[in-house]
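Values below: all heavy atoms of this structure, side chains included; hydrogens, waters and symmetry mates excluded. Proteins come first, then strands; the chains are lettered A, B, ... in the order of their sequence lines, and each starts at number 1.
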Protein chains: 2
Amino acid sequence: MTRGPRAGTKRVTLVDVAAAAGVDKAIVSRVVNRDPTLLIRPETRVRVEAAIAELGYRPNLSARSLRTAKTGILGLVIPDFSNPVYAQIIAGAETAAVSSGNVLVTGSATGAASPAAYLDLLGNGRVDGLLIAGGAPSTQEQRILDSLDIPWLLVNRRDRKSRRYVILDDAKSARMAVEHLVELGHTEIAHIAGPKTTDTAQRRLTGFTEAMSEHGLRTPASRIVVGEYTMDGGAEAAAKLMSSRRRPTAIYVANVAAAVGVLHQLSALGLSVPGDVSVVTTHDTELASHVMPALTTVRMPLRELGARAVRSLLDTPPDAQVELLLADDFTLVQRESTAPL
Amino acid sequence: MTRGPRAGTKRVTLVDVAAAAGVDKAIVSRVVNRDPTLLIRPETRVRVEAAIAELGYRPNLSARSLRTAKTGILGLVIPDFSNPVYAQIIAGAETAAVSSGNVLVTGSATGAASPAAYLDLLGNGRVDGLLIAGGAPSTQEQRILDSLDIPWLLVNRRDRKSRRYVILDDAKSARMAVEHLVELGHTEIAHIAGPKTTDTAQRRLTGFTEAMSEHGLRTPASRIVVGEYTMDGGAEAAAKLMSSRRRPTAIYVANVAAAVGVLHQLSALGLSVPGDVSVVTTHDTELASHVMPALTTVRMPLRELGARAVRSLLDTPPDAQVELLLADDFTLVQRESTAPL
DNA sequence: GTACCCCGTTCAATCGTTTGAATCTGAGGC
DNA sequence: GCCTCAGATTCAAACGATTGAACGGGGTAC
């Protein structure tokens, strides 16, 4: 392996550059940081910049952090990298972080003994701020969050305890799905909801029932079934739903992974999608277009969610309230899983 | 939002703890770091530990990093979070990092203007070592890597330039796939390979042709088609393959995303899988089991790959050669996409 | 000629931790 | 009663950057 330009030699510091340029290190520091209050002769500046380039000076970030109490790193903690929804949130967050002069790093809870331990590792002085996505924080996690000296906020979830979050208008997404099914002529519409404890599931359920009654449609309790946000959860829920006396002709599934399970189950029951049953879901991930039939989904601005989260984290004082609900740029992406009645 | 135990007050430092315990800060530092050479009276240790707990002392990691030139952070750079293969690599790497007393953070190139810029941001003093997964590094990236003072190594890819990498035995994975198809009675077997520039694609192709000739089977050039590691790439390649005079009865696809595209394309051509054509691929991601028909795959130890990469990064001197090939724990996972001829 | 001011630069303290070396304190040996 | 010595603790010098304050020198005003 080859090494740096001056392999073996000691790290180049401000002092080295200052000596090479024949000035004090204070000057060099101010040049490096583009201090607007610095008064400097053009030729001196040139000398300093030449010395910086010549020696290949890179500031020592630990020293800078020690002095300024800033690291330039923002952290994002997610429950699991295999959930494709997070890929888009991360992309948006990374872009926003970089354009604000920071770096975003992502960690999942899988590494540590517990999610709480990971928060501890990451939160304690390694980052300037923390974004937390995914499941509800346990009381243990909550305690750790409270003990951190850095700002943090929740992404894609609300929590009674904290008034700092950025979420999507999940109710709207559900309403759009129902809207679509109604336009196709469906009236016997069911909903496979997420777990009652999940914030997004609650809001999608609310949106679903609102939209139904707006269209004068009834939703008997048997038409609303709860299932985990997983393939198995969806399959199980679909089985239950289809065993009822009056089968629905369309289903809005709260989550894309569950929707894939629903497709499997319907196929196993000998039902054709969309011939016998139309299926629509929320979150337009790659997975949705890969399955057969390709899923009709409601696409929500996940990248934007990540970006807004970063900006809110940076722009608002740590104690300020942040309650942001993104409701623009929702699109119904029609594919093969829905058809007119 | 609630704050730390002593919100508003200044950060607790070693000096504060030392004062509270009535000792010098040097003692506290050695207690915190469990210095084995420390001679200390039990009652003093108790006093120190009580003071630490009482004041809620947390070491300042920037100061520690400045002094020790270590950050306790390892970085992993991947091209794209939406590729499900990386989820497992990350999981393995995170676990290994934490059990060695470090934290692993992951970043993708999507955030920065260029992948090279990201390497620069992350590599320069923020992490103790860097793992690089994914596509081949550009010459620009290579130059930045060379200028870093920290150790790095490639994950899941080789490179002529660098003798530091950890990879899987991709050839073996291809051989196992062929083996499986041969056992099912297939002889007309085709291969959809990845791009020629991709290291893993090359090795899988080699494994494929080796296994074929071992079984006395011929592979005319028309039976080997190149396609991107994407769904579209797979679909395109499948279309080309099926337009040839003698259609194969089985296909080994080098990549799981491409394999999904192949399924789509075959279905569009009115061919049944596995009725008319069997399909087997490499990498057992969640996606593989979600599509219909569920894909038969070769599962490789991706978590182990991530873990070994971390351990190699930590355990070998930065200039030492690391050429690790993982070949154990490969499994053929049979699902619905392959059947006897 | 002296006082003053401003431009350009240097001084020096500080951030909090680590760690080799120095110091102190009794107890024991003679 | 003095020396030694080990055990327990303190001293102090780094690590490299940031930043408010001080400084020096040349020009201008009077």
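Put simply, CZ on B/Arg163 and CZ on B/Arg158 are 8.0 Å apart, with the number rounded to the nearest 0.5 Å. Residue A/Arg164 holds its CZ atom at 10.5 Å from CD1 of A/Ile132, rounded to the nearest 0.5 Å. Rounding to the nearest 0.5 Å places OH of A/Tyr86 at 10.5 Å from CG of A/Leu302.
Protein atom CZ of B/Arg45 is 14 Å distant from nucleotide atom C1' of D/dG7, rounded to whole Å. For the pair B/Leu61 CG and D/dC15 C1', the computed distance is 16 Å after rounding to whole Å. Rounded to whole Å, atom P of D/dC11 lies 11 Å from atom CD1 of B/Ile27. In this entry the distance linking CG of A/Leu66 with P of C/dG16 reads 7 Å, nearest Å. Atom CG of A/Leu39 and atom P of C/dT10 are 14 Å apart (whole Å). Taking atom CG of B/Asp16 as the reference point, atom P of C/dC15 lies 11 Å away to the nearest angstrom. Here D/dA8 presents its P atom at 9 Å from CG of B/Leu38, a figure rounded to the nearest Å. Atom CG of A/Asp24 is separated from atom C1' of D/dT18 by 12 Å (rounded to the nearest Å).
Take the nearest nucleotide of DNA chain D for B/Ala63 and for B/Ile40: the residue whose nucleotide is more 5' is B/Ile40. For the pair B/Ala26 and A/Ala26, nearest-nucleotide mapping onto DNA chain C gives the more 5' position to A/Ala26.
A donor and an acceptor atom never sit less than 3.5 Å apart when one is taken from the side chain of A/Arg67 and the other from the base of D/dG20. Taking 3.5 Å as the limit, the base of D/dG20 and the side chain of A/Arg30 contain a donor-acceptor pair of atoms between them. No donor-acceptor contact under 3.5 Å links the side chain of A/Lys25 to the base of C/dT10.
Of the listed residues (B/Leu14, B/Asp16, B/Thr13), just one forms a side chain to side chain contact (heavy atoms under 4.5 Å, CB included) with B/Val28, and that residue is B/Leu14.
B/Ser29 comes within 4.0 angstrom of a nucleotide base, judged by non-hydrogen atoms across all strands. At a threshold of 4.0 angstrom between heavy atoms, the contacts of B/Val23 are confined to the sugar-phosphate backbone, with no base atom among them. In this structure, B/Asn33 reaches the sugar-phosphate backbone alone: every heavy-atom distance under 4.0 Å involves primed, P, OP1 or OP2 atoms, never a base.
The phosphate of D/dT9 (OP1 or OP2) has a side-chain N or O of B/Thr44 nearer than 4.0 angstrom. The side chain of A/Arg64 contributes an N or O atom lying less than 4.0 Å from OP1 or OP2 of D/dT18. Listed pair B/Thr68 / C/dT18 fails the phosphate criterion, with no side-chain N or O lying under 4.0 Å from OP1 or OP2.
Side chain of A/Asn60, nearest nucleotide from D/dT10, D/dT9, D/dG16: D/dG16.
Between B/Arg64 and B/Asn33, the closest side-chain pair of non-hydrogen atoms falls below 4.5 Å.
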